[in-house]
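Only one structure is covered here, and it is reproduced in the block below.
Letters A, B, ... are given to chains in the order of the sequence lines, protein chains preceding strands, and every chain is numbered from 1. Please read all numbers here as calculations on a predicted model, not as lab measurements.
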2 protein chains.
Amino acid sequence: MTSRPAAPATAPQPPDGPPVREGAPNPRRAEILGAAAELFALRGYHGASIGELGRAVGLTGPAVYRHFSGKEAVLAEMLLDISERLLAEGTRRAAAPDPGRALDALLRWHLAFALDNPALITVHERELDNVPEPQRHRVRRLQRAYVEEWVGVLRRLRPGVPGDRLRAAVHACFGLLNSTPRSAAGQDRAAMDDLLHAMARSALESVR
Amino acid sequence: MTSRPAAPATAPQPPDGPPVREGAPNPRRAEILGAAAELFALRGYHGASIGELGRAVGLTGPAVYRHFSGKEAVLAEMLLDISERLLAEGTRRAAAPDPGRALDALLRWHLAFALDNPALITVHERELDNVPEPQRHRVRRLQRAYVEEWVGVLRRLRPGVPGDRLRAAVHACFGLLNSTPRSAAGQDRAAMDDLLHAMARSALESVR
DNA sequence: TAGAGTTGTTAACGGTCATTAACATCGGCG
DNA sequence: CGCCGATGTTAATGACCGTTAACAACTCTA
């Protein structure tokens, strides 16, 4: 196969500069990000090459540079996107007036995200250190803010428990929920959702 | 610094062949394995070079080849060692007559291991795919056997729950316990031990 | 004390990777 | 119709990495 027909010129995306978040999202970018998530989750950031990344979407390696300024930029945009999605919906759900319901809503949201996007959750959990510095701080801030939403709900539910302890409990809970990618084999989604939701709820209830 | 005095010739270890597991363990090997655990946990197997590995123990890169046949061999020995330790002690603890006590003993063991060796647990969890094939099967077998010890105890405790569900619960529990490396900051060991033990116990009790 | 074995060193090799350069194709638009 | 920008391609570049080669120093031992 030689060259493929070009797409109908939708929202030309300069590889440099801040990625335009609005307008018609270039489908190629999304395709590459999706493939990158799988590859990074499977082999780690350093274990996946740009060549494989391109091949996964039917391109050669250098073609990726038409859409991203480099390998780091792919990871950065991916983590930024995940963190923003988690925080945005997390903030919405944590705002429920009843803290018990808020916690359940958070649990359901995080679990659905993890079950539907195991690769993304894995990369989000492991590859922060490989994000280049201007954006790493932003991702860290978003991640911390997301954790803080959980801590806030938990604090309303268990006043008297120190914040450090609640934070540690939330991290442990994430570990439980995010174990999905390594254990989802065999079980169907609904059963897994039930099981993990119950386990996580129960684990958090034990925090005193 | 030029060259350093050689060690007093303890158990010369041929880089090839099956690593001799008995006799006086070469301290250099252990040193390298320890540094490798930290580096692999921090940056991933592909993200850590043999040069860094050597430098971490005060050597140059090629010197590592005096003790291991290659980078893969370092990882292989590391994972084999971890899996064997987990399984050996896990089997012992799972044999307690009362399943409730057995579960507690397993929890305490795994948690102590994770809290004392966060790097090892991380590598054990993530890097199996990079172990070369003759040994990967052995590690997988050991890991599976370890999980099966947990499942066996849980089965005695909750007859009627299907095996797949129990296995998924065990994996989720490991995810919770192994979250330690990412969340141990700030809390002291004893507090962390208490918290995670209670959470894991509670999570497993919710499995019906 | 000479030789052998162990454990270092530096230099060199081959491969892979991220990235860039140079060139081709195609669609939209003047 | 002819050009321009977007999106591909292949070829080339430079860095790094895993590994091996060649050589040196030290210890133990015959």
Side-chain angles (χ1 to χ4, degrees), chain A residues 1-17 19-20 23-32 35-36 39-40 43-76 130-132, chain B residues 1-17 19-20 23-32 35-36 39-40 43-76 130-132:
Chain A
M1 64 203 76
T2 52
S3 62
R4 295 222 279 154
T10 62
Q13 195 86 7
D16 287 349
V20 181
N26 189 327
R28 244 339 172 201
R29 283 178 78 87
E31 211 178 351
I32 291 173
L39 281 173
F40 291 167
R43 293 216 254 295
Y45 176 75
H46 294 290
S49 75
I50 289 251
E52 292 176 293
L53 217 170
R55 205 170 315 126
V57 298
L59 297 177
T60 61
V64 174
Y65 289 83
R66 297 293 171 195
H67 303 276
F68 293 91
S69 66
K71 196 182 173 187
E72 287 184 328
V74 176
L75 181 66
N130 293 312
V131 176
Chain B
M1 65 202 77
T2 51
S3 63
R4 295 220 281 157
T10 62
Q13 195 86 9
D16 287 351
V20 181
N26 189 328
R28 240 347 167 198
R29 282 178 78 86
E31 212 179 350
I32 292 173
L39 281 173
F40 290 167
R43 294 215 254 293
Y45 175 75
H46 294 290
S49 75
I50 289 251
E52 292 176 293
L53 217 169
R55 204 170 315 125
V57 297
L59 297 177
T60 61
V64 174
Y65 288 83
R66 295 294 170 195
H67 304 276
F68 293 90
S69 67
K71 196 182 175 188
E72 287 185 329
V74 177
L75 182 66
N130 293 313
V131 175

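For the pair B:Leu75 CG and D:dG18 C1', the computed distance is 15 Å after rounding to whole Å. Taking atom CZ of B:Arg55 as the reference point, atom P of C:dG8 lies 16 Å away to the nearest angstrom. The CZ atom of A:Arg28 sits 17 Å away from the C1' atom of D:dG5 (whole-angstrom rounding). Between the CZ atom of B:Arg43 and the C1' atom of D:dC16 there is a distance of 14 Å, rounded to whole Å. Atom P of nucleotide D:dC17 and atom CG of B:Leu53 are separated by 12 Å, given to the nearest angstrom.
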Using atom types as modelled, flag every donor-acceptor pair under 3.5 Å from a side chain in residues 53-61 of chain B to any protein atom, sequence neighbours excluded.
none

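Note on A:His67: every side-chain N or O is 4.0 Å or more away from OP1 and OP2 of D:dA6. Contact annotation: A:Asn26 reaches the phosphate of D:dT7 (side-chain N/O to OP1 or OP2, under 4.0 Å).
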Collect all protein-nucleotide pairs involving nucleotides 22-24 of chain D in which both atoms are nitrogen or oxygen and the distance is under 3.5 Å.
{"unit_1": "D:dA22", "atom_1": "N6", "unit_2": "B:Arg66", "atom_2": "NH2", "d": "3.3"}

Using a cutoff of under 3.5 Å, can you pull out all pairs of nitrogen or oxygen atoms linking the protein to nucleotides 16-20 of chain C, with atom names and distances?
{"unit_1": "C:dA18", "atom_1": "OP1", "unit_2": "A:Lys71", "atom_2": "NZ", "d": "2.7"}
{"unit_1": "C:dA18", "atom_1": "OP2", "unit_2": "A:Ile50", "atom_2": "N", "d": "2.7"}
{"unit_1": "C:dT19", "atom_1": "OP2", "unit_2": "A:Tyr65", "atom_2": "OH", "d": "2.5"}
{"unit_1": "C:dT19", "atom_1": "OP2", "unit_2": "A:Lys71", "atom_2": "N", "d": "3.0"}
{"unit_1": "C:dT19", "atom_1": "O5'", "unit_2": "A:Tyr65", "atom_2": "OH", "d": "3.1"}

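In this structure, B:Asn130 CG and B:His46 NE2 are separated by 4.0 Å, a value rounded to the nearest 0.5 Å. The NE2 atom of B:His67 lies 6.0 Å from the CZ atom of B:Arg28; values are rounded to the nearest 0.5 Å.
With B:Tyr45 contributing its side chain and B:Val131 its backbone, the two residues share no donor-acceptor pair below 3.5 Å.
For the pair B:Pro132 and B:Glu72, the tightest heavy-atom approach, listed with the atom from each and the gap, is CB-OE1, 3.7 Å.
Evaluation of the side chain to side chain donor-acceptor pair (under 3.5 Å) rule for B:Glu52 yields B:Arg43 as partners, not counting sequence neighbours.
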Inset, instruction - Please lay out, stage by stage, how A:Tyr65 and A:Ile50 fare under the test side-chain contact (heavy atoms from CB on, under 4.5 Å). - result: CA-CA 9 Å; A:Tyr65 289 83; A:Ile50 289 251; 3.9 Å; yes
